Amino acid sequence: MNKKQFIAIGVALAAVLALYFGTSNVKPAKRNAAAHTENHDGHDHDGHDHAEHQPAGMMAGPQVKAADFDSLLADVKRRLLSPQVNAELNDLVDAAESAKTNQEKFTAYETLGKRWQAIGYKGIAAYYFQKAGDLESSEKILNFAAHLYEEGMNATDNASVRQLYAEGRVAALSKVVAVNPNNDTAVIDLAIARMEMGDVMNGVFALRDFAEKHPNNIRAQVTLGKMALQSNQPEKAIERANIILALDKDHFETHLFLGEAYRMKGDIDKAIEVFNRAKEILKNPDFDKDMDAYIATFKK
């Protein structure tokens with residue numbers, strides 16, 4: 001088993017054990033200097049690691065006002081970039097603003113996105129990739145912008161900055177779906193992004209509607225199953241799990257949230273049976289050890 005697979009397993013198990021059923025499979029990581037900067041709290045940061053944090057969860061808290069992009073940009077450039085880098089970025093902005101054709105603008109915005117990405121500011125990079133993607137209605141570039149916005153969200157604890165990037169992500173994915181309504185991945189991503197932006201009701205309705213039209217889409221069913229569990233509806237989570245397991249009887253993640261649903265219901269024997277089945281599917285001694293320790297906390 002490679003490192004990436006093990007991290008994914010650890011995150012999946014942590015999701016069950018902590019009852020954190022978000023949509024991101026990104027391992028919480030210590031923030032680097034770029035992440036500190038995008039916190040944009042008005043204070044200087046030393047760039048040292050202070051604490052780990054989890055990415056934004058599916059059910060976001062009360063919606064906050066998004067940070068102002070221009071203010072965030074100015075703050076980053078003032079405090080953390082060298083005069084040489086600032087001059088380079090200013091030249092690229094001037095090129096975009098003075099461009100006479102869409103192709104020239106596209107090239108300038110794409111170059112700006114690549115430059116901000118290279119220096120570690122993914123949320124800001126996403127903004128420029130989105131502008132480039134808008135010019136050409138590029139499904140690929142807009143998808144990439146949405147991905148970078150998500151990484152920017154995961155890199156900051158600042159609610160206003162997260163909201164800024166969440167709104168950008170929704171805008172980028174909305175354009176992707178407008179360009180290609182048959183992009184099922186983007187349709188699901190958009191529903192999830194709406195929830196993380198704070199528009200939970202519309203996001204849930206969109207995801208449910210998609211699942212009704214595409215009952216064999218496992219990702220949609222898994223997401224709805226986790227949501228049901230998070231909202232203390234284990235019966236509905238079990239219903240979703242049964243749909244998935246009829247399509248893929250060895251779906252590992254489904255066994256995790258299904259076992260937790262049975263535990264929540266008080267059906268301890270069934271929970272243990274399902275969790276043990278997850279161990280059989282994975283066949284990993286480290287996972288077995290962690291799962292056995294968890295089972296011991298509620299075993300009769």
Side-chain angles (χ1 to χ4, degrees), residues 1-31 49-61 150 153-154 157 188 192 195-196 200 204 207 211 217-300:
M1 177 171 296
N2 61 40
K3 182 178 180 181
K4 183 179 290 187
Q5 289 172 317
F6 187 77
I7 290 173
I9 291 163
V11 171
L13 178 58
V16 172
L17 306 191
L19 279 179
Y20 174 74
F21 294 99
T23 58
S24 174
N25 286 328
V26 178
K27 184 178 180 181
K30 291 184 177 181
R31 291 165 290 175
D49 295 333
H50 293 296
E52 293 189 349
H53 67 286
Q54 291 180 324
M58 179 179 304
M59 296 302 185
E150 183 179 14
M153 289 170 62
N154 291 338
D157 288 326
I188 297 173
I192 293 170
M195 296 180 226
E196 294 187 338
V200 176
V204 170
L207 189 58
N217 187 291
I218 289 180
R219 183 185 175 209
Q221 298 293 353
V222 168
T223 303
L224 287 167
K226 290 179 177 181
M227 288 168 53
L229 199 57
Q230 187 188 42
S231 58
N232 199 31
Q233 301 179 79
E235 291 285 0
K236 289 188 178 295
I238 291 169
E239 290 176 11
R240 295 291 178 185
N242 288 335
I243 292 172
I244 299 163
L245 296 179
L247 299 169
D248 180 0
K249 64 182 179 64
D250 293 332
H251 194 270
F252 173 70
E253 191 175 6
T254 297
H255 281 80
L256 293 183
F257 81 75
L258 177 60
E260 188 64 15
Y262 281 123
R263 187 201 66 78
M264 289 176 67
K265 276 186 64 182
D267 192 342
I268 302 304
D269 291 339
K270 188 66 175 176
I272 293 172
E273 176 187 334
V274 174
F275 282 141
N276 282 333
R277 176 61 186 142
K279 290 161 52 180
E280 293 173 3
I281 293 169
L282 192 59
K283 297 182 175 65
N284 179 272
D286 291 325
F287 176 81
D288 291 354
K289 181 179 178 180
D290 289 340
M291 181 54 79
D292 287 341
Y294 179 56
I295 290 172
T297 65
F298 62 83
K299 189 174 182 179
K300 294 178 181 177

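Bear in mind the structure is a predicted one, so any value in this text is a computation, not a measurement.
With sequence neighbours excluded, no residue satisfies side-chain contact (heavy atoms from CB on, under 4.5 Å) with Glu239. Under the rule for a side chain to side chain donor-acceptor pair (under 3.5 Å), the partners of Lys265 that lie at least two apart in sequence or sit in another chain are Glu235. By the salt bridge (charged side-chain N to carboxylate O under 4.0 Å, His left out) test, Lys289 is found to be paired with no residue, residues two or more places apart in sequence or in another chain being considered. Residues meeting the side-chain contact (heavy atoms from CB on, under 4.5 Å) test with Asp248, sequence neighbours left out: Ile218, Asp250, His251. In this structure, the salt bridge (charged side-chain N to carboxylate O under 4.0 Å, His left out) partners of Lys270, at least two apart in sequence or on a different chain, are Glu273. The side chain to side chain donor-acceptor pair (under 3.5 Å) search around Asp292 returns Lys279, not counting sequence neighbours. Annotation: side-chain contact (heavy atoms from CB on, under 4.5 Å) contacts of Ala220 (sequence neighbours excluded): Ile188, Leu207, Phe210, Ala211, Asn217.
Atom CD of Gln233 is separated from atom CD1 of Ile238 by 12.0 Å, given to the nearest 0.5 angstrom. Between Asn276 atom CG and Ile281 atom CD1 the span is 11.0 Å, to the nearest 0.5 Å. To the nearest 0.5 angstrom, Lys226 atom NZ is 8.5 Å from Leu256 atom CG. Distance CG/Asp267 to CG/Asp269: 6.5 Å, rounded to 0.5 Å. Interatomic distance, CZ of Arg263 versus CD1 of Ile295, reported as 11.5 Å (0.5 Å rounding).
The closest donor-acceptor contact from the side chain of Lys283 to the backbone of Glu280 lies under 3.5 Å.
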Audit row: Phe298, Ile272, side-chain contact (heavy atoms from CB on, under 4.5 Å) steps and yes/no = CA-CA 9 Å; Phe298 62 83; Ile272 293 172; 3.9 Å; yes
Taking it one step at a time, do Phe252 and Phe287 satisfy ring pair (Phe, Tyr, Trp, His ring centres under 6.0 Å)?
-> CA-CA 12 Å; Phe252 173 70; Phe287 176 81; 5.2 Å; yes
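Side chains of Ile244 and Phe257 form a contact here, defined as non-hydrogen atoms less than 4.5 Å apart. Under the 4.5 Å side-chain criterion, counting only non-hydrogen atoms from C-beta, Glu260 is in contact with Tyr294. Using a 4.5 Å heavy-atom cutoff, the side chains of Arg277 and Leu245 are not in contact. Counting heavy atoms from C-beta on, the side chains of Val222 and Arg240 never come closer than 4.5 Å.
Contact between Ile268 and Lys299 at its shortest, heavy atoms only, is CG2-CA, 4.3 Å. Pairing each heavy atom of Ala261 with each of Pro234, the nearest pair is O-CB, 3.5 Å. Scanning all heavy atoms of the two residues, the minimum distance from Leu258 to Ala241 falls at CD1-CB, 3.7 Å.
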